[in-house]
Amino acid sequence: MMQINETSSGVLVLTLTAKRIDAASAVHFKDDFREATAAHSGRVVMDLGSVTFMDSSGLGAMVAALKAMGGRKLELCKMTAAVDKVFRLTRMDKVFLLHADVEHALSFNDSKDVDAA
Amino acid sequence: MPSSFGAPRLHFEETINADPISVRDAILEIMRRIQHEFPAQSEGIVSTEIVLAEVLNNIAEHSYQDSNLGDIIVSVLCTDVMISFETRDYGLPMPGLTPPETELEALPVGAEDLPEGGFGWFFIRSLSSHMEYLRTGSQNIFCVQIPTAPETDN
């Protein structure tokens with residue numbers, strides 16, 4: 001469901017490979033996210049470029065993933081139109097940190113306003 | 001049917017089993033047929049897919065209580081300006097015989113208090129122009145209509 005990479009500066013980049021985060025895949029997504037991030041205390045950036053559809057179960061799973069971060073921000077990038085729509089409708093776009101793509105997310109790292117968590 | 005809805009362009013019906021994988025497959029197939037007919041209406045298509053998913057998953061989760069057993073009959077009617085779905089199932093009636101009222105509350109400040117559910121009816125209500133629920137005998141009938149005409153503000 002996701003590819004896991006860690007940058008030299010310690011940012012965990014999760015690149016989703018699933019096309020749909022929905023009622024059929026939400027539990028699987030939550031499990032994979034917890035496993036991928038369990039031993040990591042730094043920033044987590046998730047590339048959602050492959051995800052063409054997300055429903056309310058998928059959105060709930062994203063919120064569960066955020067809660068599993070224990071107070072850190074969960075950073076999302078490459079939101080497709082359908083994903084962007086469910087985030088904007090529920091105003092969850094204000095709760096997650098959104099970037100255009102992974103490159104922007106990583107250069108954001110070099111600027112100053114990152115929580116030291 | 002009022003003429004402002006436009007003439008029917010696509011009308012079909014499918015019976016699906018009420019489990020998450022069959023529901024997903026049915027959504028993909030229904031969206032493939034709709035998109036084939038309306039290739040240009042991206043905004044309405046996104047709304048349609050979200051509403052369809054929420055309606056079908058609600059039936060699987062609540063009407064059939066996540067048993068993964070039970071038929072959902074979905075019929076789809078498209079015109080140039082709207083897509084409507086009618087679903088029929090034989091599970092439990094909606095509590096109070098009416099779809100839940102859902103308001104989006106102000107999101108809490110702390111991430112720990114964020115809701116992980118309850119978005120489904122909010123999506124259905126926000127993205128549809130009309131919906132109706134009827135319990136008749138042992139059958140639930142739910143109709144919902146999504147406007148698909150291109151939005152004028154963009």
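Each chain gets a letter, A, B and so on, in the order its sequence line appears, and its residues count up from 1. This one's a predicted model, so the numbers in the text were calculated from it and none came from an experiment.
- In terms of heavy atoms, B/I21 sits closest to A/A24 at CD1-CB, 3.8 Å.
- At a 4.5 Å heavy-atom cutoff, A/T52 makes no contact with chain B through either its backbone or its side chain.
- Chain A is approached within less than 4.5 Å, heavy atom to heavy atom, by B/R24, B/I27, B/L28 from residues 24-34 of chain B, ordered by number.
- Enclosure of atom NZ in A/K78 is not indicated, since only 12 or fewer non-hydrogen atoms of other residues, nucleotides or ligands lie within 6.0 angstrom.
- Residue A/M69: no heavy atom, backbone or side chain, is found under 4.5 Å from chain B.
- By the rule that hydrophobic residues join a cluster once side-chain heavy atoms approach within less than 4.5 Å of another member, A/I4 and A/M1 end up as members of one cluster.
- Ion pairing between A/K85 and B/E49 fails under the 4.0 Å rule for side-chain N and carboxylate O.
- Evaluation of the side chain to side chain donor-acceptor pair (under 3.5 Å) test over residues 88-102 of chain B, restricted to residues two or more places apart or in two chains, returns B/E13-B/R88, B/S63-B/D89, B/E86-B/R88, B/D89-B/N140, B/Y90-B/Q139.
- Both B/V74 and B/F12 belong to a common hydrophobic cluster when Ile, Leu, Val, Met, Phe, Trp and Tyr are linked at side-chain heavy-atom distances under 4.5 angstrom.
- Residues of residues 114-130 of chain B lying within less than 4.5 angstrom of chain A, judged on heavy atoms, are B/L114, B/P115, B/E116, B/F119, B/G120, B/F122, B/F123, B/S126, B/L127 in numerical order.
- A continuous path of ILVMFWY side-chain contacts below 4.5 Å connects B/L10 to B/V144, so both sit in one hydrophobic cluster.
- Both the backbone and the side chain of A/L89 come within contact range of chain B, judged by heavy atoms closer than 4.5 Å.
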Quick one: side chains of residues 50-60 of chain B, donor-acceptor pairs under 3.5 Å with protein atoms, not counting sequence neighbours, listed by atom name and distance.
unit_1	atom_1	unit_2	atom_2	d
B/E54	OE1	A/S56	OG	2.6
B/E54	OE2	A/S56	N	2.7
B/E54	OE2	A/S56	OG	3.3
B/N57	ND2	A/D55	OD2	3.3
B/N57	ND2	B/A53	O	3.0
B/N58	ND2	B/E54	O	3.3

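- Between B/E61 and A/S57, the closest heavy-atom pair is OE2-OG, 4.0 Å.
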